[in-house]
Amino acid sequence: MTQNEIFMNYAFREAETAFEKDEIPVGCVIVFRNAIIAKAHNLTESLKDPTAHAEILAITSASEYLQSKQLIGCSMYVTLEPCSMCAGAIVLSKIENLFFGVYDTKSGACGSVLNITNNKALNHSCNVLGGIMDDKCAGILKSFFEVRRK
């Protein structure tokens, strides 16, 4: 198992927690110096907050942990390609690396629909690698929406 798969598995566990809470199953961890410093899952339904995406909650937690608004040297692992809101937060927090599971062909903003995280016109860009454990990450999303449609 690669290092990316190890950390993505931690993010996947967060997605499973979201699934159990009837939240869209997206999980995220932020890593600094090979240690997880923040983890989160979607809480938009529980909190009645459209900004309570896993990535935003993890960035807030990592910023608190490091006592900095800049997450220089950090890597984010998230099970679904971030949306435009989350991609903007990734850029503003200066996360160095983004690794994600499944591509989001409807609202992904890290290469699918938009490419915010690697836009040279912005003040920061991020190294991005998608498709890590994509079958597993897609599977939990598919299961969630199949259950929800019934």
Side-chain angles (χ1 to χ4, degrees), residues 1-134 136-138 140-141 144:
M1 186 174 289
T2 67
Q3 181 175 329
N4 286 343
E5 290 170 332
I6 290 168
F7 287 125
M8 189 60 74
N9 269 309
Y10 284 103
F12 188 81
R13 288 184 200 148
E14 287 295 312
E16 290 175 318
T17 300
F19 189 101
E20 292 166 8
K21 293 179 178 180
D22 203 29
E23 295 278 356
I24 294 175
V26 175
C28 179
V29 297
I30 296 179
V31 175
F32 181 67
R33 297 183 180 158
N34 287 322
I36 294 172
I37 62 166
K39 61 183 182 174
H41 52 272
N42 275 4
L43 288 173
T44 58
E45 299 298 324
S46 302
L47 298 177
K48 309 281 187 272
D49 180 354
T51 69
H53 288 199
E55 301 95 321
I56 300 296
L57 298 171
I59 287 170
T60 300
S61 180
S63 294
E64 187 174 311
Y65 178 87
L66 293 175
Q67 291 294 292
S68 176
K69 66 179 183 175
Q70 296 184 343
L71 301 180
I72 295 167
C74 289
S75 296
M76 176 183 282
Y77 291 82
V78 62
T79 56
L80 178 65
E81 178 183 2
C83 69
S84 56
M85 173 183 69
C86 294
I90 290 165
V91 169
L92 291 173
S93 64
K94 299 188 185 308
I95 288 175
E96 191 171 327
N97 303 296
L98 168 66
F99 302 97
F100 65 85
V102 65
Y103 284 85
D104 184 347
T105 58
K106 293 185 180 181
S107 61
C110 303
S112 287
V113 178
L114 299 170
N115 196 352
I116 293 172
T117 49
N118 202 5
N119 184 330
K120 301 301 180 197
L122 299 176
N123 69 337
H124 176 74
S125 64
C126 179
N127 301 311
V128 177
L129 178 63
I132 300 166
M133 297 174 34
D134 57 340
K136 187 174 183 177
C137 294
I140 194 170
L141 287 162
F144 175 81

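Since we're looking at a predicted model, the values are computed, not measured. For reference, positions follow the sequence shown, starting with 1.
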Checklist outcome for this item: Between P82 and A87, the two heavy atoms sitting closest are CB-N, 4.1 Å
Item to check | Least distance between heavy atoms, T105 atom then V113 atom | outcome: O-CG2, 3.4 Å
Next on the checklist: Can you confirm whether E64 is buried at CD, in the sense that more than 12 heavy atoms of other residues, nucleotides or ligands lie under 6.0 Å from that atom?
Outcome noted: no
Item to check | Distance-minimising heavy-atom pair for H53 and C86 | outcome: ND1-SG, 3.4 Å
Next on the checklist: Can you tell me how far apart CD (E23) and NE2 (H41) are? Round to the nearest 0.5 Å.
Outcome noted: 7.0 Å
Checklist outcome for this item: By side chain to side chain donor-acceptor pair (under 3.5 Å), D134 pairs with (sequence neighbours left out) none
Item to check | Interatomic spacing from CG in N115 to SG in C110 - rounded to 0.5 Å | outcome: 7.0 Å
Next on the checklist: Looking at F144, I want to see if its CZ is surrounded by more than 12 non-hydrogen atoms of other residues, nucleotides or ligands under 6.0 Å.
Outcome noted: yes
Checklist entry - So Y10 and F7, would you call those rings parallel, tilted or perpendicular, with 30° and 60° as cut-offs? => result tilted
Checklist entry - Okay, side chain of N42, backbone of T44: is any donor-acceptor separation there less than 3.5 Å? => result no
Checklist outcome for this item: Scanning both residues in full, the closest heavy-atom pair of Y103 with S112 reads CD2-OG, 3.3 Å
Checklist entry - Taking atom OG of S84 and atom CD1 of I116, what is their separation to the nearest 0.5 Å? => result 5.0 Å
Checklist entry - When you look at L98 and V78, which way does the side-chain contact (heavy atoms from CB on, under 4.5 Å) test go after all the steps? => result CA-CA 8 Å; L98 168 66; V78 62; 3.9 Å; yes
Checklist entry - In Å and rounded to the nearest 0.5 Å, what is the CD to OG distance from E81 to S107? => result 8.0 Å
Quick one: side chains of residues 26-37, donor-acceptor pairs under 3.5 Å with protein atoms, not counting sequence neighbours, listed by atom name and distance.
unit_1 : atom_1 : unit_2 : atom_2 : d
N34    : OD1    : Q3     : NE2    : 2.9

Next on the checklist: Could you go through V91 and N123, starting from their C-alpha distance and side-chain angles, then the distance that decides it, and tell me whether this counts as side-chain contact (heavy atoms from CB on, under 4.5 Å)?
Outcome noted: CA-CA 8 Å; V91 169; N123 69 337; 3.9 Å; yes
Checklist entry - Taking the six-membered ring for Trp, are Y77 and F99 parallel (under 30°), tilted (30 to 60°) or perpendicular (over 60°)? => result parallel
Next on the checklist: Treating S61 as the side-chain partner and L57 as the backbone partner, does any N or O pair qualify as donor plus acceptor under 3.5 Å?
Outcome noted: no
Checklist entry - Does S63 reach the side chain of L71, with side-chain heavy atoms less than 4.5 Å apart? => result yes
Checklist entry - How about I59 and I90: do any of their side-chain heavy atoms sit closer than 4.5 Å? => result yes
Item to check | Residues T79, V102; criterion side-chain contact (heavy atoms from CB on, under 4.5 Å); working and verdict | outcome: CA-CA 6 Å; T79 56; V102 65; over 6 Å; no
Item to check | Smallest separation among heavy atoms of N9 and K136, with atom names | outcome: OD1-NZ, 3.0 Å
Checklist entry - Would a distance-only check, ignoring hydrogens and angles, find a side-chain to backbone donor-acceptor pair under 3.5 Å from K48 to E45? => result yes
Next on the checklist: To the closest 0.5 Å, what do you measure between CE (M76) and SG (C126)?
Outcome noted: 8.5 Å
Checklist outcome for this item: Nearest heavy-atom contact between E55 and L80 is OE2-O, 4.0 Å
Item to check | N118 CG to H124 NE2 distance, which is reported to the nearest 0.5 Å | outcome: 9.5 Å
